[in-house]
Amino acid sequence: MKSINHIAIIMDGNGRWAKAQGKIRTAGHLAGAENVRTISIAADQLGVKHLTLYAFSTENWKRSQDEVSYIMKLPAIFFKKYMKEFIDRGFRMEIIGELDPLPKSTKQVLLEAEEESKRNAGLHLSICMNYGGQSETVIAAKRYAQALRENPNLELTIENFHEYLLTKNLPPVDLMIRTSGEQRISNYLPWQLAYAEFMFVQESWPEFSEDVLKRCMEEYVHRDRRFGGVKE
């Protein structure tokens, strides 16, 4: 199978999956966290260079306090269990989002994972935590305005505006997958998704297996990407 440089996934449906299993919503989030390991390893073995996962959006604070509190504990649970394996596999972690509003302990765990893996050259695994595309655009505009004050001759172009984004280290997304049947991007990576191929699968995130990932990648290979041009 032809490899894909960058896959981004909206990991949707954890709570609904848990409810269908007769479990509480937090059980779905735990199962979803476990699946991050499964799919990260599968993506790496399938030749994917960048995998970006939408873990918590700027809008997710609207959920119940109990649910949000549990989600904020998951990074510590996850990295305590799997960080050594990720390091051994050569994964490089990057945490993308506005981290200051997170609980101090959550932020610390995330930044430690990033620091511990920064010298690795394998799969670039990015976790979007308290991330929102519209907020990112505002942050980038403010950063550019500051740079312009320091250098009034600074020209704004598509190429250099990218440097002010929270996601400046990410290449364009080739394939965006959303699980659980929803068909929207929910404020996710608007800059990198400009020419991405979209796939919306019915499986919830805890059900999203290596076989489903392969299916999506195989379909992607047969897509005709023209990037605004015309192929004869």
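The two atoms that bring Pro75 and Leu110 nearest to each other are CB-CD2, 3.9 Å, heavy atoms only. Here the shortest heavy-atom pairing between Ser204 and Trp17 reads OG-CD1, 3.3 Å. Across all non-hydrogen atoms, the minimal contact from Leu213 to Ile177 is CD1-CD1, 4.2 Å. Considering all non-hydrogen atoms of both residues, Leu148 and Leu154 come closest at CD1-O, 3.5 Å. Nearest heavy atoms, Thr52 versus Cys128: CG2-SG, 3.8 Å. Nearest heavy-atom pair, Ala18 versus Gly28, reported as atom, atom and distance to 0.1 Å: CB-N, 3.5 Å.
A salt bridge links Lys84 with Asp88: the distance from a Lys NZ or Arg NE/NH1/NH2 to an Asp or Glu carboxylate oxygen falls below 4.0 Å. With respect to Lys118 and Glu114, no salt bridge is recorded, no charged nitrogen being found less than 4.0 Å from a carboxylate O.
No path of Ile, Leu, Val, Met, Phe, Trp and Tyr side chains, each step under 4.5 Å between heavy atoms, connects Leu74 with Leu125, placing them in separate hydrophobic clusters. Hydrophobic clustering (side-chain heavy atoms under 4.5 Å, transitive across Ile, Leu, Val, Met, Phe, Trp, Tyr) groups Phe79 together with Leu123. Cluster membership check: Met83 shares its hydrophobic cluster with Leu102, using side-chain heavy-atom separations under 4.5 Å among Ile, Leu, Val, Met, Phe, Trp and Tyr. Val138 and Leu165 fall into different hydrophobic clusters, where Ile, Leu, Val, Met, Phe, Trp and Tyr are joined by side-chain heavy atoms under 4.5 Å apart, directly or via other members. Follow the hydrophobic side-chain contacts under 4.5 Å out from Ile7 and you reach Met199 in the same cluster.
Between the Asn130 side chain and the Glu98 main chain, a donor and an acceptor come within less than 3.5 Å of each other. Proximity of a side-chain donor or acceptor of Asn160 to a complementary backbone N or O of Glu155 within less than 3.5 Å is detected. Checked by atom type and distance alone, the side chain of Asn14 never pairs as donor or acceptor with a backbone atom of Ala31 at under 3.5 Å. In this structure, the side chain of Ser117 does not engage the main chain of Asn120 through any donor-acceptor pair within 3.5 Å. Glu136 contributes a side-chain N or O that, together with a main-chain N or O of Thr167, makes up a donor-acceptor pair within less than 3.5 Å. At least one donor-acceptor pair under 3.5 Å links the side chain of Thr137 to the backbone N or O of Gly133.
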side-chain contact (heavy atoms from CB on, under 4.5 Å) between Ser57 and Asn187, worked out: CA-CA 8 Å; Ser57 77; Asn187 205 14; over 6 Å; no
Give the C-alpha distance, both sets of side-chain angles, the deciding distance and a yes or no for side-chain hydrogen bond (donor to acceptor under 3.5 Å, both in side chains) between Ser180 and Arg16. CA-CA 9 Å; Ser180 198; Arg16 292 188 294 278; 2.8 Å; yes
Please report the C-alpha distance between Met72 and Met129 in whole Å, then the side-chain angles of each, then the deciding distance to 0.1 Å, and finally whether the side-chain contact (heavy atoms from CB on, under 4.5 Å) criterion is met. CA-CA 10 Å; Met72 291 301 152; Met129 193 75 177; 4.0 Å; yes
Between Glu218 and Lys214, is the salt bridge (Lys or Arg N to Asp or Glu O under 4.0 Å) condition met? List the steps. CA-CA 6 Å; Glu218 288 168 355; Lys214 288 180 180 178; over 6 Å; no
Worked verdict on Glu163 versus Arg143 for salt bridge (Lys or Arg N to Asp or Glu O under 4.0 Å): CA-CA 9 Å; Glu163 293 302 311; Arg143 287 176 173 178; over 6 Å; no
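Taking 4.5 Å as the limit, every side-chain heavy atom of Tyr164 sits out of range of all side-chain heavy atoms of Lys142. Side-chain atoms of Arg37 and Lys81, non-hydrogen and from C-beta on, never get closer than 4.5 Å to each other. Side-chain contact between Phe91 and Glu85: absent, with no pair of heavy atoms (C-beta onward) separated by less than 4.5 Å. Side-chain contact between Thr38 and Glu34 is absent, with no heavy-atom pair separated by less than 4.5 Å. Asn169 has its side chain out of reach of Ile96: every pair of non-hydrogen atoms, C-beta onward, lies at least 4.5 Å apart. Residues Gln192 and His162 meet the side-chain proximity criterion, which asks for heavy atoms closer than 4.5 Å. No side-chain heavy atom of Asn35 sits less than 4.5 Å from a side-chain heavy atom of Met11. When side chains are defined from C-beta on, Arg25 does not count as touching Tyr70, because their heavy atoms never get closer than 4.5 Å.
By the 30° and 60° cut-offs, the orientation of the rings of Tyr188 relative to Tyr54 is parallel. Aromatic ring pairs are classed by plane angle as parallel below 30°, tilted from 30° to 60° and perpendicular above 60°; the pair Trp191 and Phe161 is tilted. A tilted orientation is assigned to the rings of His6 and His50, their planes being inclined by 30° to 60°. Ring planes of Phe208 and Trp205: parallel class, angle under 30° (limits at 30 and 60°).
Between the CG atom in Leu30 and the CD1 atom in Ile71 there is a gap of 11.5 Å [rounded to 0.5 Å]. In this structure, the separation between CD1 on Ile87 and CD on Glu116 is 6.0 Å, given to the nearest 0.5 Å. In this structure, Glu67 CD and Asn60 CG are separated by 8.0 Å, a value rounded to the nearest 0.5 Å. The structure places CD1 of Ile95 at 13.0 Å from CG of Leu166, a figure rounded to the nearest 0.5 Å. Atom CZ of Phe198 is separated from atom CG of Leu193 by 4.5 Å, given to the nearest 0.5 angstrom. Once rounded to the nearest 0.5 Å, the distance linking CD1 of Ile127 with CZ of Phe78 reads 7.0 Å.
Using modelled atom types and a 3.5 Å distance limit, the side chains of Ser186 and Arg178 yield a donor-acceptor pair.
Every side chain to side chain contact (heavy atoms under 4.5 Å, CB included) that Gln146 has, sequence neighbours left out, goes to Arg149, Glu150. Listed by chain and residue number, Arg223 satisfy the salt bridge (charged side-chain N to carboxylate O under 4.0 Å, His left out) test with Glu219 (two or more places apart in sequence, or in another chain).
The only member of Leu189, Ile10, Ile9 that meets side-chain contact (heavy atoms from CB on, under 4.5 Å) when paired with Met176 is Ile10.
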